[in-house]
Each structure stands twice: as C-alpha cells, then as structure tokens.
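All figures in this text were calculated on a predicted structure; none of them were measured in a lab.
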Amino acid sequence: MEQKHKVLKWIVGLALILILSIFIEIERRTGILPASTPTWLIVRVLGIIAYLLLFCGICLGIISGMPIWKGKKGARDLLLSFHFYLNTIGVFVAMLHPLLLIIDPYVPFSWAQLLIPFTAPREPFLYGLGTLTLYGLLFVLLTTDLKKIMPVKLWRSFHLIAYFLFLLALTHGIMGGTDSKNVFIFSMYVVTFLIILTLMIAQIQMASSLKKKALRRSHLSQDSVHH
C-alpha cells in the first residue's frame with residue numbers, strides 16, 4: 001500500500017472513531033437514543049466481528065509465510081494484501097467494539113475506565129485484557145505501516161506480538177463475553193484457535209523440512225567435491 005493511502009487510512013479511521021465518540025458523549029449527557037437501544041448486543045457483535053477479521057488476517061499471514069509460495073510472488077503478494085486489509089479493518093472494528101460501553105445500562109463505563117486497563121467497574125482483569133489487546137493491535141498496525149524505515153529483525157519481532165495478542169483476544173472473548181456461554185460461539189473460539197495452531201505447526205514443519213533438505217544437498221555436494 002502506498003504511503004499516502006496508509007496516512008489516509010489513519011486519518012479516516014481515527015476521524016470516524018472521534019465522531020462516534022463525540023456522539024456517544026452527547027448521548028451520555030442528553031439521552032437522545034431510545035432506552036431500548038441494544039447497546040450490549042452491538043458491543044458483543046462488534047467484538048465477534050473484530051475477532052473473526054483478525055483471525056482470518058492471521059491465517060492469511062501464516063499461509064503467506066509458508067514455503068509453498070516460492071516462485072509465486074504474485075500469489076503471495078495477493079495473500080499479503082488481503083492479510084493486511086483484514087487486519088486493518090479488524091483493528092478499527094475492535095476500536096469501535098468498546099465505545100458503546102459508555103452508554104450501556106448493563107455495565108456503564110467512564111471514559112477513563114474505558115481507556116485505562118484494569119479499571120473497569122466489573123471484571124477489571126478481563127476487560128483490561130481487552131484494552132491491552134487493542135493497544136497492542138494498534139502498535140502492530142502502526143509498526144507495519146513503518147516497516148520500510150525499520151530494521152527487518154526489529155519489525156519481525158514486533159509483528160510476532162500479533163500471535164500473543166490473538167491469545168489475549170481469545171481469552172477476553174471466552175471469559176469476558178456473556179455470549180461465550182452459547183455453544184456455537186464457544187465452539188467458534190475453540191475451532192479458530194485450533195486452526196491457528198494447526199497452521200503454525202504446518203508452517204514450522206515445512207520450514208524445518210526445507211532446511212533439512214538444504215543441509216542434505218550441501219553435504220552431498222561437499223562429499224562429491226572430496227571424492
């Protein structure tokens with residue numbers, strides 16, 4: 001993605017978050033929305049959507065890193081593009097996810113409680129995990145946009161944080177979400193975790209197999225030289 005598009009993405013995304021935040025603050029002060037507005041349902045739906053977008057993005061990231069794409073740069077670049085877009089949308093949806101907690105009658109938050117981890121009025125640890133996950137995702141997204149001006153090893157180290165953040169999001173969703181008691185939602189969390197784990201194991205095994213083959217070829221070539 002071109003630099004100007006990256007900057008535009010942040011401007012548009014953060015502007016939308018700011019506009020919605022202002023509207024929510026007006027609603028908190030005036031109560032312009034009907035009392036029947038399903039704020040808690042919207043919060044949970046946005047959380048699940050964000051989780052699934054990030055899950056799909058991580059899956060594509062792992063798959064694009066597999067050795068099977070050697071010599072297929074076009075296909076790999078296409079996968080990486082989808083990986084990037086899904087993760088970007090997922091992060092911004094994750095930013096929208098907690099905003100309605102400010103006006104939710106079930107678990108009302110203050111702005112400070114929403115922004116400062118582990119200060120929630122209910123289950124502060126689990127909600128704190130969600131806040132830390134969001135900040136971590138923003139950090140990974142920002143460092144990805146700055147990839148070209150960073151040392152490769154440093155960027156890769158930052159990018160690997162995404163796996164840990166996925167586990168935090170999974171924990172937050174299962175333990176902090178009231179809908180995780182639903183067998184279908186709970187199964188979704190379990191299945192997505194197993195898929196990520198399987199893809200990671202497959203990627204590691206493929207890379208290990210290639211290294212072993214390269215070592216064998218190296219040893220064979222050395223033996224042929226000596227003989």
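Between Tyr127 and Phe118, the ring centre distance reaches or exceeds 6.0 Å. Aromatic ring centroids of Phe166 and Tyr51 lie under 6.0 Å apart.
Taking all atoms of both residues into account, the shortest heavy-atom contact from Gly90 to Ala50 is O-CB, 3.7 Å. Nearest approach of Ile196 to Cys59, heavy atoms of both residues: CD1-SG, 3.7 Å. Residues Pro117 and Thr131 come closest through the heavy atom pair CG-CG2, 3.9 Å. Ala162 and Ile58 make their closest contact through O-CD1, 4.1 Å (heavy atoms, listed as atom of the first residue, atom of the second, distance).
Among residues two or more places apart in sequence or in another chain, the side-chain hydrogen bond (donor to acceptor under 3.5 Å, both in side chains) test is passed with Ser81 by none.
Note: Tyr189 OH to Ile174 CD1 = 7.0 Å, rounded to the nearest 0.5 Å.
For the side chain to side chain donor-acceptor pair (under 3.5 Å) condition, the pairs that include at least one residue of residues 22-31, sequence neighbours left out, are Glu25-Arg28, Glu25-Arg29, Glu25-Trp111.
For the pair Ile62/Tyr163, a side-chain contact is recorded, criterion being any heavy-atom separation below 4.5 Å from C-beta on. In this structure, the side chains of Leu168 and Leu165 come closer than 4.5 Å at one or more pairs of heavy atoms.
Hydrophobic cluster membership is shared by Leu199 and Leu53, with clusters built from Ile, Leu, Val, Met, Phe, Trp and Tyr side chains linked at under 4.5 angstrom. In the hydrophobic clustering of this structure, Leu60 groups with Ile201; members are Ile, Leu, Val, Met, Phe, Trp, Tyr whose side-chain heavy atoms approach within less than 4.5 Å, directly or through other members.
A donor-acceptor pair under 3.5 Å is formed between the side chain of His172 and the backbone N or O of Leu126. Formation of a donor-acceptor pair under 3.5 Å by the Thr144 side chain with backbone atoms of Val140 is found in this model. Of the possible donor and acceptor atoms, none in the side chain of Asp104 sits under 3.5 Å from a partner among the backbone N and O of Thr39. Side-chain N or O atoms of His97 include none that pairs as donor or acceptor with a backbone N or O of Leu46 at under 3.5 Å. Without hydrogens or angle criteria, Gln205 side chain to Ala202 main chain gives no donor-acceptor distance under 3.5 Å.
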*asked:* Working note: Leu14 + Met95, criterion side-chain contact (heavy atoms from CB on, under 4.5 Å); need CA distance, chi angles, decisive distance, verdict.
replied: CA-CA 9 Å; Leu14 294 178; Met95 291 177 69; 3.8 Å; yes
*Checking side-chain contact (heavy atoms from CB on, under 4.5 Å) for the pair Lys9/Leu141: CA distance, chi angles, key distance, verdict?*
CA-CA 11 Å; Lys9 168 195 70 182; Leu141 188 61; 4.1 Å; yes
*Please step through side-chain contact (heavy atoms from CB on, under 4.5 Å) for the pair Met188 and Ile48, ending with a clear verdict.*
CA-CA 10 Å; Met188 179 268 293; Ile48 292 172; 4.0 Å; yes
*Where do Ile195 and Thr198 land on the side-chain contact (heavy atoms from CB on, under 4.5 Å) test, with the steps shown first?*
CA-CA 5 Å; Ile195 290 173; Thr198 301; 5.7 Å; no
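Shown here is Phe164, whose CZ atom has no more than 12 heavy atoms of other residues, nucleotides or ligands within 6.0 Å. Atom CZ of Phe125 has 12 or fewer heavy atoms from other residues, nucleotides or ligands within 6.0 Å.
The residue from Leu99, Leu18, Leu33 that alone fulfils the side-chain contact (heavy atoms from CB on, under 4.5 Å) condition with Phe23 is Leu33.
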